[in-house]
Asker: 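Please read through the structure below; I'll follow up with questions.
Reckoned from all heavy atoms, side chains included, excluding hydrogens, waters and symmetry mates. In each ligand, atom 1 is the first atom listed, and ligand 1 is the first ligand listed. Along the sequence shown, residues carry numbers from 1.
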Amino acid sequence: MDFLKAISVRESSYLKGTIEIQGSKNTVLPIIAATVLTDGISVIHNCPDIKDVEVMCELLQCLNIKTCYKDHVLSIDTRKAQYAMLPYELTGKLRSSVLMLGAMLGRWGRAEIGMPGGCTIGTRPIDIHLEGFSRMNVDICMKDHLLCCDSFYLQGCDFHLRYPSVGATENLLLAACGAKGRTILRGAAKEPEIIELCNYLQSIGVLIDGIGSDVLVIKGTKYLCCADYINVYDRIVAGTYLLMAAAIPSELLLTGIDDIHYIKNILKVCAQLGLNVIRFDRCLHVWSNGIVAPGKFATGIYPEFPTDLMPVLISVLLRAGGDSQVTETVFENRFSVVDELKKLDGKLYVKGNTVFIEKTDQLCGHTVKATDLRQGAALIVAGLMAFGYTTITDTSYIDRGYEDIVGDLNRVGAEITYI
Ligand code: UD1
């Protein structure tokens, strides 16, 4: 990754124009992994042009799976797929590489992969994933820094997830597709990404009951077909621009929002902050005078406010006319935005798992450092609010999930550029 990349952004007094919301990163990555279960050519439409998709395709290529990406259409040809080990040099580049475990177990009954990477937002253990696999009759060990999973006879099971982990639910769903008999996942995650993955798995021939609930019943089969998939919009990217529009006087049209349900809670928080929203067709017309109402907020599992937008919400609350609080309940160490916002003269501090944001008269441009994907986006939003110019360094993290944040903001009138 080119960590030296940097972005310069100037205070913005008004944003106006249209932003097309890209396809979802967190939805498409598990679906790319799921294609490993199939034998043929799959086509994924509205696939975002982001670094994580590129790396996921490189992982497939290690398995002799051909991928072709053009104009947001990703074709995946699994007809000559061959089992192989996946090296840490690739798996360490993203969190979703862990999903190759479930997909490879589902197809070959075994997997050897390097440990997953991803944003440093906590310890991010995978114990629930592995507990579920071992209940499916998988032997697990570490060998030469590789996580080795092997099952002579992958067996469906009745497993209770002690926390509704998104990644563990996805991984166990993938393995269950190739397991003998029925798998019941209790306490499963209910995030939109899970619903989309279940719908895709159904389209390739897996029988799943309970989609959208916390009990999923999966009937495994070895005979899966290929299917095309039209990716949904990225609810976190949409949420980033919605929150930004609450903090900066603006009039924006966000397009490509096909299912408003996925962002209901984000819209509720934005309305609380003072953003006006009208929905028509697949668009949201949003506007504000940039006056932000203070409040107390908390992140949570879906349908609560998403943890991924917590750093952006914190930036926005620095504009509020009073003190605010944001409590993080999903990850234990996701507050790296706080120290960077202090460099912009933000008045805020962390106590326990809550960030206290005090009324800040004016943020002032400075040099700040992106340390993860969403924190980086939050710093850009803060830069739009800060007097003068703000430089954000190490912005390659942002490329992992935002297709063209600089272009999107330029097109609505922001002064923002790569330096
Ligand atoms: C996914 C999303 C991420 C989002 C998160 C929560 C992707 C690529 N990433 O991450 O953007 O913020 O869901 O919505 O889709 N946990 C354990 N043991 C496990 C697994 C998780 O203790 O085996 C804990 C984690 O440390 C964390 C919590 O569960 O505190 C949530 O993690 P999880 O839902 O698994 O998030 P990810 O799938 O990693």
Asker: Would you say Val330 and ligand 1 have an N/O pair spaced under 3.5 Å apart?
Answerer: yes
Asker: Measure across Leu173 and Ile194 and return the closest heavy-atom pair with its distance rounded to 0.1 Å.
Answerer: CD1-CG2, 4.2 Å
Asker: Taking only heavy atoms of Arg334, which atoms of ligand 1 are found under 4.0 Å from at least one of them?
Answerer: 12 (O)
Asker: For Tyr163 and ligand 1, does the shortest N/O to N/O distance drop below 3.5 Å?
Answerer: no
Asker: Which ligand 1 atoms, with their elements, are less than 4.0 angstrom from a heavy-atom of Thr307?
Answerer: 6 (C), 12 (O)
Asker: For side-chain hydrogen bond (donor to acceptor under 3.5 Å, both in side chains), just list the numbers for Tyr262 and Glu193, CA-CA rounded to whole Å, side-chain angles, deciding distance to a tenth of an Å, and then say yes or no.
Answerer: CA-CA 10 Å; Tyr262 288 168; Glu193 293 75 22; over 6 Å; no
Asker: With a 3.5 Å distance limit and no angle check, can you tell me whether Thr27 reaches the backbone of Ser24 through a side-chain donor-acceptor pair?
Answerer: no
Asker: Heavy-atom contact under 4.0 Å between Ser96 and ligand 1?
Answerer: yes
Asker: Should the pair His72 and Tyr69 be assigned to parallel (<30°), tilted (30 to 60°) or perpendicular (>60°) ring geometry?
Answerer: perpendicular
Asker: Does the side chain of Ile50 reach to within under 4.5 Å of the side chain of Gln22, using non-hydrogen atoms?
Answerer: yes
Asker: So is there a nitrogen or oxygen of Asp127 less than 3.5 Å from a nitrogen or oxygen in ligand 1?
Answerer: yes
Asker: Heavy atom of Arg162 under 4.0 Å from ligand 1?
Answerer: no
Asker: Judging by distance only, is a nitrogen or oxygen of Ser165 under 3.5 angstrom from one on ligand 1?
Answerer: yes
Asker: Any nitrogen or oxygen of Ile128, side chain or backbone, less than 3.5 Å from one on ligand 1?
Answerer: yes
Asker: His129: heavy atom below 4.0 Å from ligand 1, yes or no?
Answerer: yes
Asker: For ligand 1, which atoms, with element, lie under 4.0 Å from some heavy atom of Gly167?
Answerer: 35 (O), 38 (O)
Asker: Give a yes or no on whether Lys66 atom NZ has more than 12 heavy-atom contacts from other residues, nucleotides or ligands under 6.0 Å away.
Answerer: no
Asker: Report yes or no: is the cationic atom of Arg186 (NZ for Lys, CZ for Arg) under 6.0 Å from the centre of the six-membered ring of Phe159, at an angle within 45° of the ring normal?
Answerer: no
Asker: Salt bridge (Lys or Arg N to Asp or Glu O under 4.0 Å): which pairs involve residues 127-140, sequence neighbours left out?
Answerer: Asp127-Arg162, Glu131-Arg162
Asker: Find out whether the Lys NZ or Arg CZ of Lys5 is both under 6.0 angstrom from the six-membered ring centre of Tyr418 and within 45° of the ring's axis.
Answerer: yes
Asker: Who are the side-chain contact (heavy atoms from CB on, under 4.5 Å) partners of Ile211, not counting sequence neighbours?
Answerer: Ile195, Cys198, Asn199, Gln202, Ile208
Asker: Based purely on interatomic distance, does Val166 place a nitrogen or oxygen under 3.5 Å from a nitrogen or oxygen of ligand 1?
Answerer: yes
Asker: Do any nitrogen or oxygen atoms of Asp308 come within less than 3.5 Å of a nitrogen or oxygen of ligand 1?
Answerer: yes
Asker: Is the shortest distance from a heavy atom of Leu29 to ligand 1 less than 4.0 Å?
Answerer: no
Asker: Does ligand 1 come near enough to Pro164 that some N or O of the ligand is less than 3.5 Å from an N or O of the residue?
Answerer: no
